[in-house]
K.L.:
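Below you'll find the structure I mean.
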Amino acid sequence: MGGSLFGLLSIAQSGLAAQTAALDATGQNVSNVNTPGYSRVTANLETIKTPNGYDGGVDVSGMQRAFSALTFGSMLTEQGLGGAADARSTALSQVQSVIAPSTGSIGDNIDSFFASLQSLETSPSDPSARTGVLDAATTLAQSIASAASSLSSQRAGLATQAESLTTTLNSNLAQIAALNGQIAAARGSGNEPTNLEDQRDQLASTVSTEIGAQVVTDANGDYTLLSSGTALVTNGTAATLTASVGASQNLQITSTLGDGTPEDITQNVTSGTLGGLVEATNSDIPGVSSQLDQLAYNLSTSVNAVQSAGYGLDGVTGRNMFTQPAVVAGAAAAMAIDPAVANNPSAIAASSTALGLPGGNDNAVAMAQLADQPLGASNNPADAFGAIASSVGNLTATANSEQSLRQATITQAQTLNSSVSGVSLDQEMTNLDQFQRAYEASSQVLQTANTLLGELMTSMANG
Amino acid sequence: MRITNSMMASTALLDESRASQQVYQLTQESASGDLITQPSDDPTGFGTLVSIDQQLTVMQGRSTAASKAANDLNTASSALSSASNLLDQAQQLAIEGANGTLDAASRANTATSVNGLVQQMIEIANTQGSSGYLFGGTQTGTPPFDAAGNFTGNNGVTQVAVSDTMLVNSNVSGADAFTAAGGSNVIGDLQALATALSTNNVAAVQTSITQMQNDQNQVTAVMVQAGAASASLTASGSVLANAITATQVTRSNLDNAATPTVYSDLAAAQNSYQAALSVTQQVLSLSSFTSSAI
């Protein structure tokens, strides 16, 4: 039992090495304070066990990464929901600007059309009043057709965005799978690849914003990234996602893991940017489009019924104002002035009888009164438009609230995760002081051992 | 909880973002004066605004149509009043012509005057309003009476809507006022008087005196109809004007940003934003590195 001066030298040397490693970890932490996805590291120090119970010094058993699967998983969930809310809110804001621009909305054009018919009431044979009706009808038809076309383009644009996003996603998934291999290899050779794990977590976080993700790592270190009810990464194997436009112009998402069979996961993609794009493309926009089709169909049918029953200034009857749609679907995009009345103001049927020409206005009155009458089984034309705008407003407001809520919950989840994994400069400053003092002390021990050995050598030489 | 630098930064950023969004929203409201600029601001309110705007447009259209029709009816009424005066003059000339002391030459001279009245009557019966001839029924494009005084119009009625369900006549019948459809052929009677005078037929001239009175009554009856329709349209116009004003007030209450409230809210939001910025600045400058190490 008992120590030796040479043992003391060894202890002091291990102290210097350990404090250097701890200072190295602190330096890493400080320099990465603003690095996205960085998890702080600490040097694991432990006493070197020797058979005699002491004089072993200190050993650095490894660098440990501060990580909580719970807070990280919660952050991924919120990022997925936030990604969906962002994408849907953006898409619906565009829908809203199509349906209700600040000026010249379909509602404004409906009002102008019926106002022009009211002018025709008192001037049924006046060419300018007739031209006014024709112009207003043309503008109305064009505004509805143009809104329908904008919605279709927007839908196609979102599908393109989804296609491009799957390319990015596939690249990220492949990188995660590659990192899994590198991490496993590093661990196999006894290293703790904290930087690789940080990179993988950062990629998982990006993937979660893109499609929503959950990560499961089991006791053996096997890594699985799950999303939309399927595994997108299993250890070194990544899935390939594809986005395509399928039946009814709906967006279809498929996933193929490794050499497996492609799986249609569209219904399950509800999270992340892709989830928002799927909902906007497959549900929100078609809903608005079908409401617009119903409005166009009902409006065309009602106006045509009255217009075709009356007589134009030329004594001809049976002409529609708008091209009569055969079915509701597609009525908005196809809405146009009927060729029989286009560029022919005389064809506007202001009189209900040929004998009533040219001053008879009863048919013009009947058409103008449609402004206050139910369209089909629903509201009057302007209110029918108001209902569409309100419904778009509700969808947009809900999406905006969701987006705002998710901003807050993401920040909260990030805060919680950062509380575990983030760098606190105050803490690092304290650590820096602590390890610096310990290093100085070890250095002093080394110096003392060296002095004592020197004295011993001198006395031995003199003795 | 362990507090890290990124937590402080992200929390400060979120607070700043919220404060700046509020400033943006209130700036929009104070600049536009509108609380609802897009459907998502207030979906139900936006739908109500669309409905109100439609009501306003329809009411304004009805008001304009009623006013225009009332003007035309006033023109018709005034023309019929002139016609009545003409018939009064014709009756006086008939009374003069029936005087037994008058010789044939004098009656021939009076006949010339009556022929002048016939032409004036045809002109009156062909009076035009804002959209064509007033007394041709729906035959508004061509003069309803030709140079010989024959009626070429019809008895068609035109109406304008003053509410969802109420229509008011916007013309009066020229046939009823001037032709046998109303009982007497006014122009024909004047022509008959001229013929009786020029042919020195005293008995026929005497018959015309009564006829002129009947004609005058016929024209006056239609004039009363024109006045009544015009009054009805004017009254409807007043009702519409009141309804428009009330609806505009409703719209304004729903959509107009209350200026003092918005301005004070904006000032409060700006202060809050400024405070958030200052807090962020201070929080981010706090570090033991800056206070001791450097």
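A note on names: the letters A, B, ... follow the listed sequences, proteins ahead of strands, and every chain is numbered from 1. No hydrogens, no waters, no symmetry mates; every other heavy atom, side chains included, goes into these values.
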K.L.:
Please determine, by modelled atom types, if A:Gln427 and B:Arg2 share a side-chain donor-acceptor pair under 3.5 angstrom.
P.N.:
yes
K.L.:
Nearest heavy-atom pair of A:Gln407 and B:Ser17: which atoms, and what distance?
P.N.:
OE1-OG, 4.4 Å
K.L.:
Just wondering, are more than 12 heavy atoms of other shown residues or ligands nearer than 6.0 Å to CG in B:Asn253?
P.N.:
yes
K.L.:
Does a side chain donor of either A:Asp126 or B:Ser131 reach within less than 3.5 Å of an acceptor in the other side chain?
P.N.:
no
K.L.:
Say whether, by atom type as modelled, one donor and one acceptor occur between the side chain of A:Asp362 and the main chain of B:Gln159 under 3.5 angstrom.
P.N.:
no
K.L.:
Under 4.5 Å heavy-atom distance to chain A, tell me which part of B:Leu56 shows up: side chain, backbone, both or neither.
P.N.:
neither
K.L.:
Is B:Gln55 close to chain A through its backbone or its side chain, or both, or neither, when contacts mean heavy atoms under 4.5 Å?
P.N.:
neither
K.L.:
Under a 4.5 Å cutoff for heavy-atom pairs, which residue among A:Leu92, A:Asn380, A:Ile110 has the most contacts with chain B?
P.N.:
A:Asn380
K.L.:
For chain A, which candidate among B:Asn154, B:Thr57, B:Leu13 shows the most heavy-atom pairs at distances under 4.5 Å?
P.N.:
B:Thr57
K.L.:
Taking all heavy atoms of B:Met7 and all of A:Ser418, pick out the closest pair and write down the distance.
P.N.:
CG-OG, 3.4 Å
K.L.:
Does any part of the side chain of A:Thr122, heavy atoms only, come nearer than 4.5 Å to the side chain of B:Ser170, both counted from C-beta?
P.N.:
no
K.L.:
Side chain, backbone, both or neither: which part of B:Thr37 has an atom under 4.5 Å from a heavy atom of chain A?
P.N.:
neither
K.L.:
Checking heavy atoms, do the side chain of A:Asn394, its backbone, both or neither come under 4.5 Å from chain B?
P.N.:
both
K.L.:
Give, as side chain, backbone, both or neither, the part of B:Asp53 having an atom under 4.5 angstrom from any heavy atom of chain A.
P.N.:
both
K.L.:
Is A:Leu355 in contact with chain B via its backbone, its side chain, both, or neither, using a 4.5 Å heavy-atom distance?
P.N.:
backbone
K.L.:
Is there side-chain contact between B:Thr11 and A:Thr415, with heavy atoms separated by less than 4.5 Å?
P.N.:
yes
K.L.:
Taking it one step at a time, do A:Asp383 and B:Ser51 satisfy side-chain hydrogen bond (donor to acceptor under 3.5 Å, both in side chains)?
P.N.:
CA-CA 5 Å; A:Asp383 286 348; B:Ser51 185; 2.9 Å; yes
K.L.:
Side-chain contact, heavy-atom cut-off 4.5 Å: A:Gln118 with B:Thr64?
P.N.:
no
K.L.:
To check you understand the geometry: which heavy-atom pair defines the closest contact between A:Ala382 and B:Val50, and what is its length?
P.N.:
O-CG1, 3.2 Å
K.L.:
Closest approach of A:Asn400 and B:Ser40, non-hydrogen atoms and distance?
P.N.:
ND2-OG, 4.3 Å
K.L.:
Chain B heavy atoms under 4.5 Å from A:Val365: which part of the residue, side chain, backbone, both or neither?
P.N.:
side chain
K.L.:
Which bit of A:Ala368 is near chain B, if near means a heavy-atom gap under 4.5 Å: side chain, backbone, both or neither?
P.N.:
neither
K.L.:
Which is it for B:Met1 and A:Leu416 under the side chain to side chain contact (heavy atoms under 4.5 Å, CB included) test, yes or no, and what are the steps along the way?
P.N.:
CA-CA 9 Å; B:Met1 183 192 264; A:Leu416 278 173; 3.6 Å; yes
K.L.:
Checking A:Ser419 side chain against B:Ile3 main chain: does a donor-acceptor pair fall under 3.5 Å?
P.N.:
no
K.L.:
What is the minimum heavy-atom distance between B:Asn5 and A:Leu425, and which atoms define it?
P.N.:
OD1-N, 2.8 Å
K.L.:
Quick one: which of A:Gly356, A:Ser125, A:Pro124, A:Ala408 has the most heavy-atom pairs under 4.5 Å with chain B, could you say?
P.N.:
A:Gly356
K.L.:
Can you tell which part of A:Ala387 gets under 4.5 Å to a heavy atom of chain B, answering side chain, backbone, both or neither?
P.N.:
neither
K.L.:
Quick one: does B:Gln54's side chain get under 4.5 Å of A:Asp372's, heavy atoms only?
P.N.:
yes
K.L.:
Counting heavy-atom pairs under 4.5 Å to chain B, which of A:Ala397, A:Pro358, A:Gly386 comes out on top?
P.N.:
A:Pro358
K.L.:
Given heavy-atom pairs under 4.5 angstrom as the criterion, report whether the side chain, backbone, both or neither of A:Asn379 touches chain B.
P.N.:
neither
K.L.:
Return the option, out of B:Ser130, B:Ala66, B:Ala65, with the maximum number of heavy-atom pairs under 4.5 Å with chain A.
P.N.:
B:Ala65
K.L.:
Apply the test side chain to side chain contact (heavy atoms under 4.5 Å, CB included) to residues B:Thr4 and A:Val423: give CA-CA distance (whole Å), side-chain angles for both, the deciding distance (0.1 Å), then the verdict.
P.N.:
CA-CA 5 Å; B:Thr4 65; A:Val423 174; 5.8 Å; no
K.L.:
For B:Gln139 versus A:Leu357, what's the shortest heavy-atom pair and its separation?
P.N.:
OE1-O, 3.8 Å
K.L.:
Within the structure provided, determine whether A:Thr396 and B:Gln38 are in side-chain contact (heavy-atom separation under 4.5 Å).
P.N.:
no
K.L.:
In the structure I gave you, are the side-chain heavy atoms of B:Lys68 and A:Ser123 within less than 4.5 Å of one another anywhere?
P.N.:
yes
K.L.:
Is B:Ser163 in contact with chain A via its backbone, its side chain, both, or neither, using a 4.5 Å heavy-atom distance?
P.N.:
backbone
K.L.:
Against chain A, label B:Arg62 side chain, backbone, both or neither, depending on which of its atoms sit under 4.5 Å from a heavy atom there.
P.N.:
both
